[in-house]
Amino acid sequence: MNLILLGAPGAGKGTLSAYLIEKMGVPSVSTGNILREAIANNTPLGQQAKEFMDAGKLVPDQLVIDMLRERIAQDDCKNGFILDGFPRTIPQAEELDKIASIDCALALEVPDEIIEGRMTGRRVCAKCGATFHVSTNPPKAEGVCDACGGELQLRKDDKPDVVKHRLEVYHEQTEPLKAYYEAQGKLKCMDGTKGIGETAELAVKALGL
Ligand code: AMP
């Protein structure tokens, strides 16, 4: 199955996709993770993307479309994939329709106030990328990753003013994708405000897995 997870930044797409990888036996492709890796490795793509990402803006369509095309052409995506963070604009969705056949777009619905709390409390391991939350999923020792002992950091784009801007960008440019996939008969919506256990159950039901 070729699945798209739609939802605002911080709606829980990354957490849900980590669960669905096991359940569906296909990889998840997070454009945000690919871009952050490119920045960490200081590649030409990373250098171009950094300024946009730090400011909470979208990286230009052509850059992410080329990057996505290359990623889903890889062998591990042959039997399907879960897209987390792509498409984010109508032109991206139109390009995606030319290179892959999408089975379903599952939208996680979460009100903005909850998103703001989730993102500003999120801490990410600088070494292995594991994610924690200061109140809902705290690490055993403050500021230290349970998995690898790396330092936990607040992502630059999770700062409160940047989060507000990312939500505006989401409503303006990404939310219209719901109508796009609805018109194709591929949209499924679900409540994304619950904990991971319940969210996973809702997703399994919605997708008929
Ligand atoms: P994420 O980890 O999915 O929240 O993405 C973090 C940042 O990466 C976003 O705020 C954008 O700057 C950039 N980004 C990720 N995916 C895309 C995309 N499909 N289109 C444009 N920018 C993206």
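As the structure lists them, so they are numbered: ligands from 1, and atoms in each ligand from 1. Numbers here are sequence positions counted from 1.
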Residues 194-209 side chain polar contacts: donor-acceptor under 3.5 Å, at least two apart:
from: T199; atom 1: OG1; to: K194; atom 2: O; distance (Å): 3.1
from: T199; atom 1: OG1; to: G195; atom 2: O; distance (Å): 2.8

Please tabulate, for side-chain N and O atoms in residues 99-113, each donor-acceptor pair with protein atoms closer than 3.5 Å (sequence neighbours left out).
from: D103; atom 1: OD2; to: N2; atom 2: N; distance (Å): 2.7
from: E109; atom 1: OE1; to: K178; atom 2: NZ; distance (Å): 2.9
from: D112; atom 1: OD1; to: H171; atom 2: NE2; distance (Å): 3.0
from: D112; atom 1: OD2; to: H171; atom 2: NE2; distance (Å): 2.9

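Ion pairing between K127 and E151 fails under the 4.0 Å rule for side-chain N and carboxylate O. Classification of D76 and R71 as a salt-bridged pair holds, one side-chain N sitting under 4.0 Å from a carboxylate O.
For D146, the side chain to side chain donor-acceptor pair (under 3.5 Å) test picks out no residue, with sequence neighbours left out.
D191 and T193 share a donor-acceptor pair across their side chains, judged by distance under 3.5 Å alone.
Among protein residues, T31, G32, L35, R36, M53, K57, L58, V59, V64, G85, F86, R88, Q92, R155, D157, R166 come within 4.0 Å of ligand 1, judged on heavy atoms.
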